[in-house]
Novice: 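Let me give you the structure first, and then I'll get to my questions.
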Amino acid sequence: MAIISSIPQSSAPARSQSVNARILRLAWRSPEMKVASALFLALCLLTLFGPFIIDASATKISVADKFLPPIFMDGGRLPYFLGTDQLGRDLLLRSLVGLRNAFLIGVVSVILMFALGCAIGIFSGYRGGWTDVVLMRITDIQMSIPVIILAITILGMSRPNPFTIVAVLVLSGWPIYARVARSVTLAERQKEYVRAARIIGASDLRIMIRHIAPSILPPIAFVAVLDVARMMIFEAIFGFIGIGIQPPTPTFGTIISGGTQYLLNAWWITIVPGCLLALSLGSLNLIGGVLERSRNLVLQGAA
Amino acid sequence: ASGSLIFAAAGTVTSSWDPTSHTVAPQITAEGFLFGHLTKCPMSEANPGEILPDLATEWSVIDEHTLEYKLRQGVTFHDGKPFTAADVKATYEYASNPDRPASAWYPGRVDVEVVDDYTVRLNTKQYGYPAINFWYVSSFLPILSAADVANPDTLKQKPNGTGPFRYVETVGDQIKFAAFDKFHEGKPSIEEIVWAYVPDANTRVLGLLNGQYHLTERLEPEQYLSLHKEAGLKTDRSLSSENKYLHFRCNKPPFDDPRIRLAVCHAIDRAQVLAVVGEAGQASNCHVSPVKFGFTDVKDYPEYDPEKTQALLAEAGFPNGQGLPEIEYITSVGFYPKTREYGELITAMLQEQGFPIKLTTLEPAAWEEQLYRRADGQGPGHIIDVGWITGSPEPDLVLRPNYHSKFALINGVNDPEIDASLDKEHGATSTEERLKILQEETLPLIAGKAPSISLFSSVFLRAMSAKLDGVTFYPNGPIDLSKATLS
Amino acid sequence: MAFALEFFLRRISQGVLIVLAVAFVIFALLRIAPGDPIRIILGPMATPSAMEETAERFGLRDPIPVQFLRYLGDIAKGDFGNSFIRGKQGGTTGGSQDAAGSPPVERAAVIELIAKALPYTLLLAACGFLLACLVSIPLGIMAGVRNNGWPQKVALYLSSLLVSLPNVWVGIVLIYLLSARTGWLPAIGYRHIGYVIIPAIVVAIELAPVMIRSISVAVATNVQDPFYEIGQVRGLSARAMLFRHVLRNAAVPLLNSFGAQMIGMLLGGLFVVEYIFSFPGIGLLTINAVFQRDFPVIQTVAIFASTVLVFINIAVDFASTTIDRRLKF
Amino acid sequence: MGTEPLLTVENLSICLGTGDGARALLSNITFAVKPKSVLGIIGESGSGKTLLSRALVNWVRAPLQVTAGKVIYQGLDLLALPETQMARLRGREIAYIGANPTTALDPTVPVGHQIEEKLRTIEPGLSGQEARKRVIAMLDAVRIPSARSRFDEYPFQFSGGMMQRAMIVDALISNPKLLVADNITQPLDVTVAAQILRLLRDLQRDFGTSIVFVSSSFGTIVDIADEVVVLDKGKIVEAQDTGRIQKSPDHPYTRELLAKVPRLWHGVSGVPQVHVEPVVLSVRDVAKTYEVKDRASLFKKNRVQAVRGVSFEVRRGESLGLIGESGCGKSTLSRLLSSLEPPDRGAIEVNGVDVATLHGDALLSMRRRFQLLLQDPYNSIPSHVSIGTTIAEPLRIHRLASGNGLRERVCAVMQEVGLSPDLYDALPVGLSAGQRQRVNIARAMVLEPSVLILDETLSALDQVEQAKLLDLFDNLQRKHGITYLYISHDLAMVRRACARIAVMYLGKIVEIGDNETIFDEPAHPYTRTLLSSVSTVEAKPFLPKDYLLEGEPPDPIHIPEGCSFRSRCPFVIETCRSVEPPLSTRAGTSAAACHLGLERLPMPSVMTPGRPGSDLKQMDSL
Ligand SMILES: Nc1ncnc2c1ncn2[C@@H]1O[C@H](COP(=O)(O)OP(=O)(O)OP(=O)(O)O)[C@@H](O)[C@H]1O
Ligand SMILES: Nc1ncnc2c1ncn2[C@@H]1O[C@H](COP(=O)(O)OP(=O)(O)OP(=O)(O)O)[C@@H](O)[C@H]1O
Ligand SMILES: [Mg+2]
Ligand SMILES: [Mg+2]
């Protein structure tokens, strides 16, 4: 083969490292990433292994131990590090498990609504024409139905359980993703690289999946991280008005909605899970933020 | 004069001020400010049958079908008209008309004979039941003005009574009442009552704490306890006419077998339930509240006894609960105190005995929809948590709707023995005879067949500003503020 | 002009269809969902026959499409119906068996209920939004202009913190701390403007992180556009470029996210906040109506909300095309 | 000239990054700009011209760093000046115009308003009315048609050439003493570039502005500059009078640069010859119209007639050139040819098969053999995917390779087009235009196509890069027998690479013929106009004074009746207004669409190729 070697190579140093690895490495260099990941990891480990470390009997109802404060306060005692709730169950353990459940609901529903919404948005934006008009008007309709009404209807009809709750959240959440994904797709579809892909024979499906999706989804995904929190909050609100996950399964919503009435005599029932939630979501979000910044830097070639 | 009192109420009134148009507890409380009754019935635990004078000064039994009341003189309605026998006649005949929605409260139709302006006789002869049935009811039937009764529209729009306060206006969720100058016991010291409807218990408490409200009701027990300690506030705790029950759906398996029902009853440690319910409950071993006529501490009321549970389960063919279908326990949140908490507790206790049980907590509207049996006689779920409150010491208002197979609104029980016993006490002609039948036959029978279990009697918890003195609370809700002061 | 006319003609006609569809969906959902309003209207003791009779009188036993058409007919006449539950004088709970017997005029007209509640909601929304703007606009802009440095860090930390505070929880904690424990601020219900402060803070906490993010992203994108630096080389100050041009360009994505996301969040947030704070706005009205299965109120609020949403989206799109003439709709 | 220099640059050095990793991009630059003169800076792509011109207005941002040197303007060192003082000079005394006018202004504000805004910032006392008047007058002066209404139009409504003129207005409105113009004609059509150059010359004369004119084209530089500075890899290798540098360049690099300037007429050797192979691609009467919303009226759509009936044939192993001004429909045609869009009418046959009838696998295999290189190297490769993956994708789609074999083939192609295989995992972000274009080429070549359409593939590159790639294409053609369709407005490139050339104007082919005919005796006035506008270092047979067009081509919405070129044709006759001339065959395979015969057009001025000395152009030719 004819080798034309006289061409000067660009300033971009050739690194044999995948893009994602580079983003991760860059992100890892920032201190807040380390702190946030450590925190998040610790919380994850705690929720996973907490039940084995902490005496399991603490999860049992023991009415005699109700409203014990955290151990650093007067009257607190082991094994209840962060005190007990209104039925004498260990609050730390319940909060951890509750957090995990709420978190699972949040993450699963955000992933699903993200996938559904973005798929519809990309398809709609890419196809254009009538497909677009119809899909977008459906989106508008769905978006105009208040979540609470939807929730009461669906959860009322089919007893609240994790699946129906996720279903409600996904149903109410996908339209925003669809709209955003569609508008970015519209812009992206105009770009030459989409044409280039068609020239080399890529099918529409391939273009949507391999080209448009990877270039538009990451920024939307970072917004989705914010939404995990909102979904957990919705779950809490459902719990608050009694259409959430059923007790005794602890979730963030059931714990704090059960706890608010004890704010005066046992504030920790409300505060402890709230703080744990804030910690985990805050660190997750921080991770998302740093990753986003790193991605931008890498893609802009600044790093 | 001590200004305006803001009452953070847990409920509010209906769209009609006609007392015969509804059976709503909060509205009865509101009517307590506005209307007088012939007599007062404090429904104390010590003396549930006690009756005191109000608009009537004396009352007596003339014969089996006739009661006579002597009326107080010099009483005026809020619109300035004097109170006379004609008003009593109009009120009683109107309210007892079975067309009126609230006529369920009243034993049946009645004729009122006006003897003179200040003497009336209630006569039930024509309708074939003893007049004694009005004995307690007279303490709860608000006395309306004859002119209003003649014109139902005014009745709905502007309540006009002889009570200590008169109605001023309704603004959104707030109702205003003002002290009535010509109240027959003297003008109340509190100039104005603002009835603020605040549905959330926590909100009510926080509002009380920051001084926005002076009085609030339906506290959660912990709120009650911590407010109890709070300087500047004081609390009130009084036994209500309400009991809390778990009803079993008796017309579908597994609870069509009384042994399984009893097995559940024996598996529940009511002492623990009470520990959770705390101040909001009082132990009682009877299907009616201690402030009701006929209450007794029923012998052999099913107690916590896991061994019996196991024995009954084994006897019924489900040793250790094996083979039982999944049992759904339906309860509400945000309506009664602690339902979710003790629901969890009871679920755990039953699981411990091997019952395959699952808890469903519903918001009140959904719960209420699931509560009653359907037209086909069956209802959803298997165990239903519900309370039953009535504004009278009359026990039949609890027993017949719940346990007589003609109604059996929730549990759907169809037991000829219970029916026979209920009919027997209903037909008793003297108070003593009735009391005996109730206490020795009917109530023990119900406890033994356990179409439902009465968990405990509710206690109403209230808190108020320490500046508020002289309030009297009635067991079914009404509040007497006529002698109260707010300094 | 022609463009605007055509734009509005097309979008408003589409909007009407959307609102109709939403109305139908809500209408049908409510009638499918469990929780019979008749039970609540008549109270627990009502007999089945009385319930049937009332239901028929309310038209609740007709096929749903028939009910819906009748409802539309009424709306066309400007009649949004009367609440099932709330009396004209303001009562709220059900249980009055008379409600069935009394003519509907005695029950509050839904439109009046909404008219009464709306100013409160608008006040709360405006205060919350303003408060969120106060924090997020300066911070978002600063974080967007400089790619690195403290404003960006502050923005990241602050939004990470705020987004992880559930509004239910924050509401309760703030009431407890700022009102119940210290008595600094009033919190429950509404009597004067002071009652708006805490709920508005809660609303703002929910909105701020999303706003900070959208603003900083939008500003950052446009600051990277060559015209920003070239403008400075052309002799305009950085400040002038930022305020006259970058923000103008950033307004387009911001308006879009405002239309799609913020309004939805604001609506959702208001519902919950009003409920926690007993704030007498549309949200509280709606949640109570949901609890009481007060169909006419729920339907009207839903129609109202979707109309507002549709109009805001039309306005947003129109504003976007006016700002950026390259956009097509 | 003995006057004080207006601006002097002393020992300027600029590095990328700091510390040990720093890379010197400019070193020891020293030169002076005399008042009222034009200094040309020439260098290949990447030699640091933009960097230098930015340094002149103190616009050097991290990660770039001025490590040494001064830029002295009227005694002030601009590089050391506090931002506030610098801001007072920018736009007022020193103006800057960049290479890409389309992104220079806020896209959401009308062009005129932005110029007015600048004017009023500089002269705060000016009333809005007054400022507006001045801007419009100035827009008129640079011959923007109907300046008054254009004042309120948005940047996207301006063509590239008009935008560049607007930027010139923007720069000159404040009567600056110094104008730095960085490669301002590069993205423009030859016709427009020629207009702009003439305009700049006039303005310089009228206002007495000094100009630093940066370009990578020697032809352009000699057209305008009084003195020339030659930049190579960040160093000045030579600084001379324009005349002298043409005749006797000192430095070998300058000589090489001059030698590489493509010739159109003089010293042209081995023009590609027409083939007699079978026809591979046959296009018959293809047309495409787009509908766009008319904002000004209700429900009305404007019909943009991008391509209006085009026919031609390409034979195997042949190269056909398609030239024409921006907007004449070249890219649209290329999209039709590669079945990205269906034509409204007409047929496109590849090897005798109508592509419109192809579906599924047949279409896929057609795609494999028929490749199109898109115009814009920046946007046509995805930015978030590594280069190797991008190039490998066609292999994956067509299932031609996988696993290790795939990587090997990709690396081989990368080497073949001159990309280091080290770049396999790199993102395209750091790549130069040339490298991006190579990625693009590699992606097409990896499929080993038999027909390749190159849409302005080489226009974004400097001549050295271009030459390298053309060599590459030649090699490939020889080796694989590929058929090329070069779409371009670059005449030199077409001259060198194409056997036959078609000239397009407003969606139609107005002239088609073999290479020599088109360049030496074109029959259409438009072809001659194109040839007259080109910037070269040689003397041209067609003089701008005979042909130079004014204004913009009519927009494809309102195409004039009769001959579509008549609105700009200097030789228009009565018939042209009503009768559209058909494409009529002249000699051999050549054809032109003009009512005028060759005899009614001016004679070419220089017709003797290769005579030494005469190929140097006269300075006053403009
Ligand atoms: N911001 C930057 N970051 C990294 N490298 C840069 C940057 N700006 C310029 N360079 C490098 O500096 C060198 C000179 O670039 P410059 O843009 O001045 O070239 P040029 O002569 O203007 O080229 P062209 O003719 O293509 O415009 C190039 O190698 C380029 O890669
Ligand atoms: N999708 C489209 N919708 C509407 N108009 C279009 C579209 N594509 C191209 N046009 C118009 O068609 C005409 C021809 O465009 P085209 O891109 O083919 O020109 P070109 O010769 O390639 O120009 P350049 O040299 O600038 O690339 C232009 O006026 C353009 O605005
Ligand atoms: Mg450059
Ligand atoms: Mg093109």
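Quick note on labels: first sequence line is chain A, next is B, and so on, each numbered from 1.
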Novice: Within the 4.5 Å heavy-atom criterion, are E344(B) and Q86(A) side-chain neighbours or not?
Specialist: no
Novice: More than 12 non-hydrogen atoms from neighbouring residues, nucleotides or ligands closer than 6.0 Å to CZ on R462(B), yes or no?
Specialist: yes
Novice: Heavy-atom cut-off 4.5 Å, strictly under: side chain, backbone, both or neither for L225(B) against chain A?
Specialist: neither
Novice: Examine whether an atom of L219(B) lies under 4.5 Å from a heavy atom of chain A, and if so say whether it belongs to the side chain, the backbone or both; otherwise answer neither.
Specialist: neither
Novice: Which region of T360(B), side chain (C-beta onward) or backbone (N, CA, C, O), has a non-hydrogen atom less than 4.5 Å from a non-hydrogen atom of chain A, or is it both or neither?
Specialist: both
Novice: Among T347(B), L227(B), L359(B), which residue has the highest count of heavy-atom pairs closer than 4.5 Å to chain A?
Specialist: L359(B)
Novice: Does CD in E326(B) sit with more than 12 non-hydrogen atoms of other residues, nucleotides or ligands closer than 6.0 Å?
Specialist: yes
Novice: In the structure I gave you, are the side-chain heavy atoms of K66(A) and E222(B) within less than 4.5 Å of one another anywhere?
Specialist: yes
Novice: Less than 4.5 Å to any heavy atom of chain A: does that hold for the side chain of L274(B), its backbone, both, or neither?
Specialist: neither
Novice: Measure K338(B) against the heavy atoms of chain A and call it side chain, backbone, both or neither at under 4.5 Å.
Specialist: side chain
Novice: Which region of A348(B), side chain (C-beta onward) or backbone (N, CA, C, O), has a non-hydrogen atom less than 4.5 Å from a non-hydrogen atom of chain A, or is it both or neither?
Specialist: side chain
Novice: More than 12 non-hydrogen atoms from neighbouring residues, nucleotides or ligands closer than 6.0 Å to NZ on K308(B), yes or no?
Specialist: no
Novice: Between Q351(B) and chain A, which part of the residue has a heavy atom less than 4.5 Å away: side chain, backbone, both or neither?
Specialist: neither
